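Scroll down for the structure; my scribbles are underneath it.
Within every chain, numbering begins at 1; the chains are lettered A, B, ... in the order of the sequence lines, protein sequences first and strands thereafter. Predicted, not measured: the structure shown is a model, and the values here were computed from it. Computation of the quantities below employed the complete heavy-atom set of this structure, encompassing side-chain atoms and omitting hydrogens, waters and symmetry-equivalent molecules.
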Amino acid sequence: MKKWITVLLVLLLVVSLTACGDQEIQGEDPVVSEEQNSDRLFEGTTLELLVAYGGAENAFDAFMEATGIEIEWMSMSTGAALSKLQAEDGKTTADVWFGGGVDSYLNARDLGYLEPYKSPELSAINPQYIDEDGYFAGLALVPAGFIVNEDLLEELGLEAPKTWQDLTDPKYKGEIIMADPAISGTQYAIVSGTIQELGEDEAWSYFQELDKNIDFYAKGGGEPQQKVAAGEFAIGVTAIHGRTFNIGETSPTREVFAEDFIPWTPAPVAIFKNTDNLEAAKALVDWFLSREGQEILKEADARIMARDDVDPPEEMSGLDRSKLLDFDLERMGREREDILNEWEELIGDR
Amino acid sequence: METGKAIWRERRVKSLLSSGFLIEKAIVLLIVVFILLFILYPIFMVISTSVYNRGVLSFENYSDLLSPFNLGLIRNSVFVATLSSLLGTFFAFCVALHVFFQKRKWGELIYRSLMITMISPPFISAIALIMLFGRRGLITHGILGLSANPYGWQGIVLLQTLSQISLASIMLISALNSIDSRLIQASRDLGANPTQTVFRVILPSIFPAIMSVLFLFFTMNMADFGTPIIIGGNFNVLAAEAYLKTFSAHDIGKAATLSVLLIPPAIVAFYFYRKNIGKINTLSEGARVLKGAELNFRLPLVIKAFIGGVTGAFFFCMILKYGIIFLAATTTNVSGELVFTWNHIEAFHYRYVDALYRSLHMSIIAGLLSSVIGILLSYYTHRLKLPLMKSVEFIASLPYIIPGLFFGLGYIVAFHNEPLLLTGTMAILVLNCTFRHISVGNKAANAAFENIDSKLEMAARDLGTSRIGVLFNVIFPLLKSSFLVSFINTFTKSMTTVGPIIFLATPRNMVSSVLMFHDITNGRYGLGAVVASLLIFITVSVNLVAIKFLSKEKEEKPVTDKFLGKERGEKHVAGAKGFN
């Protein structure tokens, strides 16, 4: 009887000790030694990243090697990250936001959660991908297109669609999956881009037409490509990047860039206002915008990089850059609520 | 009698001055403060988020709360939750009846299998369903050559029904085991045939239990968001919409408002659940208990075949489900063919090992803390009958009624500022899991106290033990089995929980279940399946050890058998909410 109580008390003691210990570790910031060469100024600092950039983790080792800065990261959709930021009123423990939907970045910027930083590397980057005041910068460009399951198309006796207009053909009824733009930032970018390209009236009648072919809207931006890879649907409307190509290695899938126009969105990077490691975070942004960093990031996940002096990856050779939309990011951010309300009204709850 | 009271009064005056009394006061105070701080305060904070818009009080979020769209969501939710609860309870009744009339060994085996099938990381069942019965499902397409569409309300109902059968059966078996067997014998003696006895004696006797199972699962199905998101297709329900809004609306106030909408039905259903559970307790008072198999009772072949068939079908589904998880962990689907691969297991690198270690760390501490606090809460509420403790106990049961996501959101809103800056720590995860499951230990201890003679404590006091000494030397040793059951429940739920902690996890305190969630949502099903398999393996092992300990206890103290049965049902009920 006694023994059991002793065990319990010891355990409770351990409990309280470990609980305290954890908090201590949190507060402990590595001391930065001043006598180091300029490349490794922040040796030993740990940066916490919220990542919505599939495959980026493959580039983190190279960064850690080059700078001595440790990265701790987790993947989190930018929408979820924005909700969390709101819940904790911008007082996040994370230092850097890496990739994801630019609409969330615009929103976070307006709520005052981001720290402006104009990296010296920005001069090599197309101003279309950058926030004017330096709240975020584009790392890469993510084009949108279709992923098709060739086995399934063959089985159904259908051809892969070539243009956005093709998708409204009744023969594809029930075979197309795309995400709900109210949930997926990428999908919202596609809708907003289409509106900017075609004009409101034409764009909305297009989406109503397309809606007739769609059974239901996916609950996340990554879902269409999974579902097409698994053979659940023949055609998925999706962002196309390295992971999309990787799926093709194990599944009978192929990527199609539309011939009429190509919507796109930048994959941004930003520093959180609440960071305790501002200088190290700036070093990270600089590194990933530098030529070396961009090459490594491209290697990690095949995308068209933001820097003009980095060649597009082989996988993207099928992409005709002249077909990329002339996309106004600010307008996209501004119109979000209106467009989504209109969407709910016209397309409704599917 | 009078003198006895006087002595007690005198002793109370004396003990006011002793240090033991002060320690005890400190313990009670600490419990109350903890419960207010870590349960009531976060809940209050979420609700305030929905009415405070950047510092301005506004009920704008509530103005369009009952819009046709939201009413449609409520209708869908109620429809699905009702249907799945009815079906689940019906099938669970069949399984319970089947077990009740089995020989001891076989019944015990099924009972333990039911306990094990309760362990299921969230989202896994829906993924399994798609892999098996989707348009390219292994069974529908691979074997039968069909192209089926599993998306819609039918899929939700199927999965919710299946997922609640284990727990519901365990609750109903406990209820069946506590029927006064003299009633059944009397019914037979008076000439009723077995079928009549089942419908006129057994069924009415466990009717309160059936109702409480029904209401409990109604609450759970209303709050379930994982299943509808994956399998619902274009059929939307309230919980899923609240979850999706939280993740995508760019407006935390609206999301919080939608979550608030989930609370009233949960409280109503929970009220009916408690009411019916209360009836069971009084019914079984002083009952004589015999196992069904000892009753010399032959069910008609049709019923026997039917309930046997239901049980068989249920376990077949479970085998399929666990089989497909293990299969997914070791294979890739190459053009519709499964090919063996080590890739997923190799991808289980250092981040995953760290997360698994943290999961264990979190679940063990939460299990211990919530059991200790739960037992103490019960002791001071029901044994010492301290004033106002009943209200505190009610507050302690709140986290178990409200949706998990809501509770997690509350922690983020409440604990991101000094001096209670807990975001990003292990402590916030441990506290969340501890207080979410605190009513498990509490309910378990309540049931156990009913069975412990309070004269025992008085005797100890008379022999000179201090009040605090009674607590540690008398109460805790007697509640060993309650402690163990409560620990196991919290441990199991904490290992597999996602909803409440999804916002609390950061790169520094990442745990396995959240990593698994990220893998699944990013389409890395194989890696997700590896994590799920490990979680299942660890949790099942711990549970098996605990079952061993528990049955040993049972043999030592046969008198408590009946109460153990009753308790066990209650405790599992209390633990079951952790799935959200």
Discussion item. Can you confirm whether B:I230 sits close enough to A:K219 that some side-chain heavy atom of one is under 4.5 Å from a side-chain heavy atom of the other?
Written reply: no

Worksheet, complete the sentence: Turns out that what part of A:Y188 lies under 4.5 Å from chain B's heavy atoms comes down to neither

Worksheet item: About how many Å separate CZ of B:R508 and CH2 of A:W73, when rounded to the nearest 0.5 Å?
Response: 15.5 Å

Worksheet item: What part of A:Q226 lies closer than 4.5 angstrom to a heavy atom of chain B: side chain, backbone, both or neither?
Response: side chain

Worksheet entry | Winner by heavy-atom pair count (cut-off under 4.5 Å) against chain B, out of A:E150, A:K91, A:E337, A:Q225 | A:K91

Discussion item. Counting heavy-atom pairs closer than 4.5 Å to chain A, which one of B:P507, B:A505, B:A240 comes out on top?
Written reply: B:P507

Worksheet item: Which one, A:E223, A:R243, A:M76, leads in non-hydrogen pairs under 4.5 Å with chain B?
Response: A:R243

Fill in: Reported CD1-to-OG distance for the pair B:I412 and A:S83, which is rounded to 0.5 angstrom
11.0 Å

Worksheet item: Between A:T93 and B:T506, which heavy-atom pair has the shortest distance, and what is it?
Response: OG1-CG2, 3.8 Å

Worksheet entry | Which portion of A:L49 sits near chain B, non-hydrogen atoms under 4.5 angstrom | backbone

Discussion item. Restricting to ring-ring contact (aromatic ring centres under 6.0 Å, His included), what partner residues turn up for B:Y411, sequence neighbours left out?
Written reply: B:F407, B:F415

Worksheet entry | chain A contact via B:I520 - side chain, backbone, both or neither, heavy atoms under 4.5 Å | backbone

Worksheet item: For A:I183, is it the side chain, the backbone, both or neither that has a heavy atom under 4.5 Å from a heavy atom of chain B?
Response: both

Item to complete: Measure the shortest side-chain to side-chain distance between A:T92 and B:H416 over non-hydrogen atoms and say whether it is less than 4.5 angstrom.
Response: no

Worksheet item: Going by residue number, which parts of residues 96-104 of chain A are within reach of chain B, meaning a heavy-atom gap below 4.5 Å?
Response: A:D103, A:S104

Worksheet entry | Contacting region of B:N417 [heavy-atom separation from chain A under 4.5 Å] | side chain

Discussion item. What part of B:V430 gets within 4.5 angstrom of chain A, counting heavy atoms only: side chain, backbone, both, or neither?
Written reply: neither

Worksheet item: Would you say the side chain of A:K227 lies within less than 4.5 Å of the side chain of B:Y151, judging by non-hydrogen atoms?
Response: yes

Worksheet item: With distance as the sole test, does A:K84 use its side chain to make a donor-acceptor pair with the main-chain N or O of B:F503 at under 3.5 Å?
Response: yes

Worksheet item: Which pair of heavy atoms, one from B:T423 and one from A:E88, lies closest together, and at what distance?
Response: CG2-OE1, 3.8 Å

Worksheet entry | Segment of B:I130 engaging chain A (4.5 angstrom heavy-atom cut-off) | both

Discussion item. If I take atom CZ from residue B:R351 and atom CE from residue A:M74, how far apart are they, to the nearest 0.5 angstrom?
Written reply: 8.5 Å

